Amino acid sequence: MDPKGIDRATLDRLYSVAMEAAIARIEKDGTFQPLLFEVRPGGAVQAVAVLDPGSIAGHDAVLDRLCELLRQRAVEAAILGAAIAIHHREERRIEIRLRAPGHAADIATPYGLVTRGLLRRQRRVTMGRPRWRHVGNEIFA
């Protein structure tokens, strides 16, 4: 682990964990709400459950709230990196918003989905080619 932040191997692991979880949710349920992952000091990647009693309306409001929570944790030095996995169901695309000090990218990956079975649905996801887009870092400023 780089003493100034997160190393490339940990960043790659964070992305992989987020993508694997997103694929698993699609194969199990057909869709998912945004999934949140953190890299904690020491390098452990942890899935995070956000239990917020307040109501949040709309896709953008949910993402803004998740970024706000992550920003607070970054300021407290409780996290070294974060990823938010987002499902764009209509476009059949998974987006991973990957953030760490000095690194901010949105990685969009199209996918194919094969569904079999009437009573017991079996879904199989096949991934396309990921496309990286460097963006502003709203979490680790």
Side-chain angles (χ1 to χ4, degrees), residues 1-2 4-141:
M1 186 74 55
D2 183 339
K4 294 179 275 181
I6 188 170
D7 61 30
R8 183 67 190 189
T10 304
L11 200 58
D12 289 345
R13 192 172 74 238
L14 175 61
Y15 169 79
S16 294
V17 167
M19 182 59 79
E20 288 169 10
I23 292 167
R25 295 305 315 164
I26 292 170
E27 288 183 341
K28 182 176 183 205
D29 298 324
T31 192
F32 64 88
Q33 298 300 316
L35 304 171
L36 185 60
F37 300 87
E38 298 176 340
V39 176
R40 307 269 171 86
V45 176
Q46 184 72 43
V48 179
V50 178
L51 304 173
D52 192 339
S55 84
I56 302 173
H59 177 76
D60 290 338
V62 170
L63 293 176
D64 289 345
R65 179 67 179 132
L66 292 176
C67 288
E68 180 183 319
L69 292 170
L70 289 170
R71 196 170 23 258
Q72 290 170 356
R73 295 186 48 72
V75 167
E76 297 164 357
I79 61 172
L80 301 176
I84 301 173
I86 304 162
H87 186 205
H88 299 277
R89 185 176 185 172
E90 296 78 30
E91 298 143 18
R92 290 216 171 156
R93 178 172 52 96
I94 297 170
E95 178 183 346
I96 307 294
R97 293 186 178 184
L98 200 58
R99 304 293 189 270
H103 182 83
D106 291 348
I107 304 120
T109 308
Y111 68 88
L113 183 66
V114 175
T115 304
R116 287 182 263 170
L118 291 174
L119 298 177
R120 187 168 178 228
R121 292 280 221 208
Q122 294 178 345
R123 296 175 190 88
R124 181 75 180 137
V125 171
T126 55
M127 300 306 295
R129 182 183 173 108
R131 285 173 263 139
W132 287 70
R133 181 172 60 106
H134 291 281
V135 295
N137 196 335
E138 72 275 44
I139 296 170
F140 297 89

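By convention here, the first residue in the shown sequence is residue 1. Small disclaimer: the values here were computed from a predicted structure and weren't measured.
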Anything under 3.5 Å between a donor and an acceptor, one on a side chain of residues 107-119, the other on a protein residue two or more places apart or in another chain? List them.
residue : atom : partner : partner atom : Å
Tyr111  : OH   : His87   : NE2          : 2.5

Worksheet entry | Euclidean distance, Arg73 CZ relative to Leu80 CG, rounded to 0.5 Å | 10.5 Å
Discussion item. As an exercise, state the distance from CD1 of Ile23 to CZ of Arg124, rounded to the nearest 0.5 Å.
Written reply: 8.5 Å
Worksheet item: Tell me, do Gln72 and Val75 make a side-chain contact under 4.5 Å, heavy atoms counted?
Response: no
Discussion item. If I take atom CD from residue Glu20 and atom OH from residue Tyr15, how far apart are they, to the nearest 0.5 angstrom?
Written reply: 10.0 Å
Practice prompt. Given side chain to side chain contact (heavy atoms under 4.5 Å, CB included), test Leu11 with Arg8 step by step and report yes or no.
Written response: CA-CA 5 Å; Leu11 200 58; Arg8 183 67 190 189; 4.2 Å; yes
Worksheet item: Does Gln33 reach the side chain of Val62, with side-chain heavy atoms less than 4.5 Å apart?
Response: no
Worksheet item: Going through the checks in order, is the side chain to side chain contact (heavy atoms under 4.5 Å, CB included) test met by Val135 and Arg99?
Response: CA-CA 10 Å; Val135 295; Arg99 304 293 189 270; 3.3 Å; yes
Discussion item. Are Ile79 and Gln46 packed together at the side-chain level, in the sense that at least one heavy-atom pair is separated by less than 4.5 angstrom?
Written reply: no
Worksheet entry | Side chain to side chain, Glu68 and Asp64, heavy atoms closer than 4.5 Å | no
Discussion item. Donor-acceptor pair, distance only, cut-off 3.5 Å: does the side chain of Arg71 make one with the backbone of Glu138?
Written reply: yes
Fill in: Straight-line distance of Leu66 CG to Ile86 CD1, nearest 0.5 Å
8.5 Å
Item to complete: Rounded to the nearest 0.5 Å, what's the gap from CG on Leu70 to CD1 on Ile84? Could you check?
Response: 5.5 Å
Discussion item. Applying side chain to side chain contact (heavy atoms under 4.5 Å, CB included) to Arg97 and Ile139, what does each step give before you reach the verdict?
Written reply: CA-CA 11 Å; Arg97 293 186 178 184; Ile139 296 170; over 6 Å; no
Response to the item:
d(His134 NE2, His103 NE2) to nearest 0.5 Å is 6.5 Å
Worksheet item: Can you find a pair of side-chain heavy atoms, one from Ile94 and one from Ile26, that are under 4.5 Å apart?
Response: yes
